[in-house]
Amino acid sequence: MEQKLSDDLLSAEQRDARYVMHPLTDARANLQSGSLLMERGEGVYVFDNAGNRYIEAMAGLWSVGLGFSEQRLVDAAVRQLNRLPYYHAFSQKGHNPMVDLAEKLIGMAPVPMSKVFFTNSGSEANDTVVKMLWYRSNALGETRRKKFIGRKKGYHGITVASGSLTGLPVNHRSFDLPLPGFLHVSTPHHWREAQPNENEEAFATRLATELEDLILKEGPETIAAFIGEPVMGAGGVIAPPATYWEKIQAILSKYGILLIADEVICGFGRTGNMFGCETFGIKPDIMVLSKQLSSSYQPISAILLNERVFEPIADETHTIGTFGHGFTGGGHPVAAAVALENLNILEERNIVGHVRDISPALQDGLRALSDHPLVGEVRGLGLIAAVELLTDKSAKSSRHPAGALGKRAAAILQNKGVISRAAGDTLAFCPPMIIEKDQIDAILSALRSALDETAKEML
């Protein structure tokens with residue numbers, strides 16, 4: 001009783017500090033102040049408990065494509081809750097929304113796909129892909145083909161296997177990750193990683209050679225798949241150099257290695273096409289989808305498999321009598337119904353066309369900041385972009401500890417009513433795809449002011 005009475009006197013932020021452990025957060029820091037808590041959302045805006053309004057320039061976590069108050073998605077959830085609030089997909093059972101969504105996704109896929117397996121998040125999906133391909137290799141009698149190649153700074157999730165696919169040290173440190181058999185090649189970031197006078201195509205050639213050298217060193221017969229985001233997200237919004245994907249795919253094809261396209265961030269319009277694979281001419285064997293699949297109104301993710309992947313797995317399930325993997329909420333009927341309505345809205349309102357039309361305002365506006373003394377590089381395409389900060393342009397470095405500039409600039413920007421995300425010293429922007437020009441202008445104005453204030457403090 002005494003605990004309850006004392007809790008009644010605390011603010012929500014204080015109770016957050018007392019009771020909640022947050023992901024990707026300094027837990028000790030949260031004990032001191034609690035977190036910024038949101039109370040409601042409207043369009044591209046969110047409002048905190050004090051009534052302060054922010055442009056959510058990260059669409060939550062790269063994900064709320066249709067904004068925070070799309071009534072049709074709410075209505076779709078309510079209809080399905082009233083009709084069939086839950087059912088599963090185990091043991092040859094299912095429900096109509098899952099079937100309808102799977103059919104829709106196969107029809108939308110940019111390359112021929114055969115089946116859809118549903119999970120609840122991008123991490124679960126990529127974890128499942130690892131297990132599927134281990135299973136497939138065993139089915140084919142290729143019992144050594146178990147290794148995966150990702151990229152440094154790639155992000156594919158945080159479960160044990162997907163966290164091993166990820167190439168970010170902060171997601172590995174103290175977790176004993178990556179697991180053995182998870183390999184990483186260089187980040188395809190020309191501005192940061194290219195050698196002197198090395199153009200984009202020569203850089204791409206070097207990275208393809210690096211991949212081939214790793215495959216030959218490990219043994220092609222031991223490599224199950226290569227995984228990559230069309231545009232790298234959490235690693236700092238890194239778009240590939242010219243000819244990169246063409247050359248990477250040629251190496252994979254040469255050695256019979258599968259390609260997994262992690263479309264969790266890029267999928268459903270973010271790059272100016274329905275899928276990032278279309279933007280860069282990627283022809284994957286597996287596509288992993290989530291986030292904007294439902295505009296994150298419900299947790300859902302989907303794995304699309306082509307026949308080359310599915311058939312050996314199907315044979316093995318017949319031999320064993322089952323596929324011993326799945327999730328209670330995988331393909332949840334409410335989530336599937338919301339995702340279907342989300343995809344309908346994307347098509348009816350031509351959201352992809354809107355992204356193409358509006359994205360130059362964001363991309364050109366950010367590039368206009370390139371002359372700022374703190375700005376090293378502006379990069380991105382469509383409605384995903386990043387501004388990398390530094391204090392020494394010629395050395396492409398900062399005199400502060402890694403991440404300090406980004407953290408401070410993001411905090412100042414947030415105080416000005418714009419939520420970004422600092423990936424090290426890079427500020428990322430990925431606003432809801434319904435954003436309009438005046439809202440982009442507000443982001444740009446607040447950002448320039450925040451950079452000026454950060455420069456006064458830290459330059």
Side-chain angles (χ1 to χ4, degrees), residues 37-48 53-87 89 94-109 116 118-122 124-125 263-271 274-275 288-302 304 327 329-355 358 382-384 419 430-436 439:
L37 301 181
M38 297 305 172
E39 194 271 334
R40 67 186 181 90
E42 182 180 327
V44 303
Y45 302 101
V46 289
F47 299 78
D48 67 20
R53 187 181 79 168
Y54 306 85
I55 296 178
E56 226 310 350
M58 280 300 297
L61 282 176
W62 323 81
S63 57
V64 186
L66 295 181
F68 292 87
S69 54
E70 178 48 64
Q71 190 61 41
R72 282 178 58 179
L73 299 186
V74 176
D75 293 343
V78 171
R79 283 195 303 272
Q80 188 58 46
L81 281 165
N82 282 320
R83 186 176 185 87
L84 181 69
Y86 171 72
Y87 210 68
H95 48 82
N96 291 325
M98 179 177 63
V99 174
D100 293 343
L101 180 58
E103 182 180 25
K104 179 76 170 177
L105 291 172
I106 293 294
M108 294 176 70
V116 182
F118 289 104
T119 52
N120 301 288
S121 70
E124 281 187 4
E263 288 265 12
V264 169
I265 288 176
C266 296
F268 305 106
R270 180 59 61 186
T271 66
M274 189 61 76
F275 297 101
V288 178
L289 312 172
S290 190
K291 292 190 184 290
Q292 292 184 158
L293 172 57
S294 68
S295 277
S296 286
Y297 278 49
Q298 289 283 292
I300 187 170
S301 52
L304 275 59
F327 300 93
H332 193 288
V334 178
V338 170
L340 271 167
E341 187 70 351
N342 181 71
L343 299 182
N344 289 337
I345 293 170
L346 289 178
E347 292 177 340
E348 290 171 21
R349 298 181 186 169
N350 190 22
I351 296 297
V352 176
H354 176 70
V355 170
I358 201 71
L383 284 180
I384 182 170
I419 294 176
C430 185
M433 297 188 297
I434 61 169
I435 197 166
E436 298 292 348
Q439 295 160 338

With side chain to side chain contact (heavy atoms under 4.5 Å, CB included) as the criterion, how do H332 and Y86 come out once you've worked through the C-alpha distance, each side chain's angles and the decisive distance to 0.1 Å?
CA-CA 6 Å; H332 193 288; Y86 171 72; 3.6 Å; yes
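- Inspection of the N342 and S295 side chains reveals an N or O donor paired with an N or O acceptor under 3.5 Å.
- Pairing each heavy atom of M433 with each of L346, the nearest pair is CE-CD2, 3.9 Å.
- Using a 4.5 Å heavy-atom threshold, the side chains of L73 and I345 count as touching.
- For the atom pair CD (E42) and CZ (R40), the distance works out to 5.5 Å, reported to the nearest 0.5 Å.
- Between F118 and A102, the shortest heavy-atom contact is CZ-N, 3.8 Å.
- Using a cutoff of 4.0 Å between basic side-chain nitrogens and carboxylate oxygens, R349 and E70 are scored as salt-bridged.
- In terms of modelled atom types and a separation under 3.5 Å, the side chain of E341 and the main chain of V338 share no donor-acceptor contact.
- Contact detail for E263 and L289: the closest heavy-atom pair is CB-CD2, 3.6 Å.
- S63 approaches Q292 most closely through the heavy-atom pair O-CG, 3.3 Å.
- Inter-residue side-chain proximity for L105 and L293 is flagged as met; some heavy-atom pair is nearer than 4.5 Å.
- Legend: residues meeting side chain to side chain contact (heavy atoms under 4.5 Å, CB included) with L340, ordered by chain and number and at least two apart, are D100, L101, K104.
- For R72, the CZ atom is densely surrounded, since the number of other residues' heavy atoms within 6.0 Å is greater than 12.
- Between S294 and Q298, the shortest heavy-atom contact is OG-O, 2.6 Å.
- Distance alone, capped at 3.5 Å, is enough to place a donor-acceptor pair between the Y297 side chain and the S69 backbone.
- Rounded to the nearest 0.5 angstrom, S296 OG and F68 CZ are separated by 9.0 Å.
- When every heavy atom of A109 is checked against every heavy atom of L304, the shortest pair comes out as CB-CD2, 3.9 Å.
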Run K291 and I265 through side chain to side chain contact (heavy atoms under 4.5 Å, CB included) and show every step you take.
CA-CA 7 Å; K291 292 190 184 290; I265 288 176; 3.9 Å; yes
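- Side chains of D48 and Y54: a donor-acceptor N/O pair is present below 3.5 angstrom, by distance only.
- Side-chain atoms of Q439 and Y45, non-hydrogen and from C-beta on, do get closer than 4.5 Å to each other.
- A side-chain donor-acceptor contact under 3.5 Å links S290 to the backbone of I300.
- When the side chain to side chain contact (heavy atoms under 4.5 Å, CB included) test is applied to E103, no partner is found at least two apart in sequence or on another chain.
- Side chains of E124 and N120: a donor-acceptor N/O pair is present below 3.5 angstrom, by distance only.
- Side-chain contact between Q80 and P85 is absent, with no heavy atoms from C-beta onward closer than 4.5 Å.
- Formation of a donor-acceptor pair under 3.5 Å by the E56 side chain with backbone atoms of A59 is found in this model.
- Side-chain polar atoms of S301 and S121 form no donor-acceptor pair below 3.5 angstrom.
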Pair H354, N350 - check side chain to side chain contact (heavy atoms under 4.5 Å, CB included), show working.
CA-CA 6 Å; H354 176 70; N350 190 22; over 6 Å; no
Full working for side chain to side chain contact (heavy atoms under 4.5 Å, CB included) between E347 and M108:
CA-CA 11 Å; E347 292 177 340; M108 294 176 70; 4.3 Å; yes
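- F268 and F275 have their aromatic ring centers within a separation under 6.0 angstrom.
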